[in-house]
Amino acid sequence: MESKSAIYAPVPALPNVQEMVRNDPFQVPEKYIRNETDLINDAVLSPHLSSEVPTIDLSLLLKGHEEELDKLDQACKEWGFFQVVNHGVATEVTKGLKDAAEKFFELPLEEKDRIAIPPNDIQGYGHTQVDHKVLDWSDKLVLLVYPHQYRKLDVWPPTPFKEAIETYSSEVRRVAEDLLRSLSVIMGMKKSALLELHQELVQPLSVAYYPQCSMPDKVLGLSAHSDKGSLAIVMQQEDDVMGLQIKHDGQWVPVKPPHNAFVVNVGDIVEIWSNGRYKSIEHRVVTNESKARISYSTFFLPHQNAEIEPLDQMVFQSLGSLPLYKKVTYGEYLRETKRMKSEGKTHVIEVAMLES
Ligand code: OGA
Ligand code: NI
């Protein structure tokens with residue numbers, strides 16, 4: 001048996017990318033450079049599809065609006081990604097977080113390193129990537145915000161960033177809970193069903209700083225991956241700095257969220273629960289030659305002991321009425337996917353899929 005901590009395995013410290021760029025904006029070490037097959041032959045870029053990413057109005061979902069629930073079903077089925085508007089999170093809250101984060105990243109490295117990820121941990125500021133051979137062009141502040149008992153306050157940033165994280169996280173949790181209630185309804189269950197299946201709604205926050213990069217065609221801010229939880233909610237600093245791309249019908253589609261919208265995506269666990277009706281889509285972040293980008297990703301995950309398997313009514317609905325994924329605890333799922341260390345979305349298929 002692996003120890004509990006192996007699920008969130010610690011990683012060695014990597015260079016601070018923002019500092020590298022500060023010292024020499026034109027230097028790009030070899031270990032960040034991708035080969036052509038990785039980037040170009042992978043899939044074509046289709047910017048014209050950006051405007052087709054579905055938009056969901058949360059205020060309509062809350063009223064049980066049938067058409068909006070249908071839109072949510074289609075969005076999760078066809079795209080695995082959507083933008084949420086009328087989410088009810090006040091601009092002061094989002095702006096409060098953005099202002100505080102921007103100031104934090106401007107600090108000298110020594111100041112930021114006061115909350116550096118301690119050895120053998122995953123929470124804090126730094127760069128914690130080991131799964132991919134080629135490194136990502138970013139630094140992150142990662143904190144487990146909920147449940148409260150997981151918080152490591154030693155690595156929380158100082159006031160007012162700390163308070164801004166607290167306020168934003170509680171608001172975005174409400175948005176996720178509302179979305180999970182609507183998803184329960186479109187999956188034919190009582191509203192509270194998916195929240196109950198989580199046992200506990202675990203909520204990490206990742207604030208990512210993607211510095212500008214002199215070789216944007218060869219360097220990624222974040223490698224292609226799918227998210228391993230149930231849902232992820234992403235907010236970005238400025239509307240005009242694009243970076244996030246999602247894979248849709250074999251093409252990379254840049255996401256340009258409308259002002260004041262969140263980008264939401266379905267994670268692997270919702271794909272399993274829905275027996276593949278809803279797709280956990282591969283996505284990545286590209287770098288920008290002239291501007292840095294800051295994003296705020298909140299992930300929603302079940303408790304480690306929660307058993308994850310396709311839901312009966314979703315199996316009955318699917319072709320052949322057969323489950324496509326085996327039953328796993330969430331902890332096992334994380335351990336297995338970590339072991340695969342493979343890029344992209346292969347893990348759902350290889351780890352959870354039943355052999356046919
Ligand atoms: C992630 C992610 C997107 C972004 O952290 O899993 O997909 O825009 N982030 O930073
Ligand atoms: Ni992601």
Side-chain angles (χ1 to χ4, degrees), residues 8 11 17-18 50 53 76 79-84 94 97-98 101-102 105 117 122-132 135-145 165 168-169 172 176 202-213 216 219-248 252-258 261-271 278-288 291-301 334 337-338 342-348:
Y8 302 109
V11 288
V17 184
Q18 188 182 4
S50 294
V53 177
C76 294
W79 286 81
F81 259 86
F82 53 91
Q83 293 156 350
V84 175
T94 53
L97 180 60
K98 290 176 183 181
E102 198 164 85
F105 287 115
I117 306 161
I122 52 140
Q123 296 190 59
Y125 171 70
H127 191 127
T128 64
Q129 175 197 348
V130 279
D131 341 26
H132 311 299
L135 297 179
D136 291 339
W137 196 253
S138 74
D139 309 308
K140 283 179 183 172
L141 171 63
V142 176
L143 301 172
L144 259 171
V145 181
I165 288 172
Y168 174 77
S169 295
V172 88
V202 180
Q203 183 179 335
L205 168 73
S206 165
V207 184
Y209 187 93
Y210 301 101
Q212 67 264 43
C213 180
V219 175
L220 286 181
L222 180 61
S223 309
H225 66 284
S226 70
D227 293 338
K228 294 176 189 174
S230 53
L231 288 181
I233 300 186
V234 180
M235 172 172 84
Q236 63 174 61
Q237 183 83 358
E238 285 178 68
D239 299 338
D240 63 333
V241 190
M242 305 258 284
L244 179 60
Q245 299 186 339
I246 62 179
K247 213 172 211 177
H248 178 69
W252 285 116
V253 180
V255 178
K256 187 176 180 359
F262 295 137
V263 175
V264 178
N265 68 284
V266 164
D268 296 352
I269 299 310
V270 166
E271 176 167 329
Y278 302 143
K279 303 287 187 312
S280 171
I281 293 296
E282 235 184 279
H283 52 286
R284 67 180 188 181
V285 175
V286 295
T287 47
N288 187 297
K291 276 184 133 178
R293 174 171 178 268
I294 303 175
S295 71
Y296 307 81
S297 305
T298 303
F299 304 96
F300 297 90
L301 329 169
L334 286 181
T337 53
K338 190 129 220 143
S342 56
E343 224 175 284
K345 208 198 137 190
T346 43
H347 51 274
V348 180

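Both counts, for ligands and for their atoms, begin at 1 and track the order of listing.
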Student: Give, for atom CG of Asn265 and atom CZ of Phe299, the distance between the pair rounded to the nearest 0.5 Å.
Tutor: 8.0 Å
Student: For the Ni ion (ligand 2), find the closest N/O/S atom on Asp227 and give its atom name.
Tutor: OD1
Student: Filter the ligand 1-protein atom pairs down to N or O on both sides and distance under 3.5 Å, then list them.
Tutor:
residue  : atom   : partner : partner atom : Å
ligand 1 : 6 (O)  : His225  : NE2          : 2.9
ligand 1 : 6 (O)  : Asp227  : OD1          : 3.1
ligand 1 : 7 (O)  : His225  : NE2          : 3.2
ligand 1 : 7 (O)  : His283  : NE2          : 2.9
ligand 1 : 8 (O)  : Arg293  : NH1          : 3.1
ligand 1 : 8 (O)  : Arg293  : NH2          : 2.9
ligand 1 : 9 (N)  : Ser297  : OG           : 3.4
ligand 1 : 10 (O) : Tyr210  : OH           : 2.7
ligand 1 : 10 (O) : Ser295  : OG           : 2.6

Student: Say you draw a straight line from CD1 of Ile281 to NZ of Lys247; how long is it, rounded to the nearest 0.5 Å?
Tutor: 10.0 Å
Student: Can you tell me the angle formed at the Ni ion (ligand 2) by NE2 of His283 and NE2 of His225, to 10°?
Tutor: 90°
Student: Parallel under 30°, tilted from 30 to 60°, perpendicular over 60°: which one fits the rings of Phe81 and His283?
Tutor: perpendicular
Student: Would you find a donor on one side and an acceptor on the other, under 3.5 Å apart, between the side chain of Gln18 and the backbone of Asp139?
Tutor: no
Student: Where does the angle between the aromatic ring planes of Tyr168 and Phe262 fall among parallel (under 30°), tilted (30 to 60°) and perpendicular (over 60°)?
Tutor: perpendicular
Student: State the CE-NZ distance between Met242 and Lys256, to the nearest 0.5 angstrom.
Tutor: 6.5 Å
Student: Sort out for me which residue in Glu102, Lys291, Arg293 forms a side-chain hydrogen bond (donor to acceptor under 3.5 Å, both in side chains) with Gln237.
Tutor: Glu102
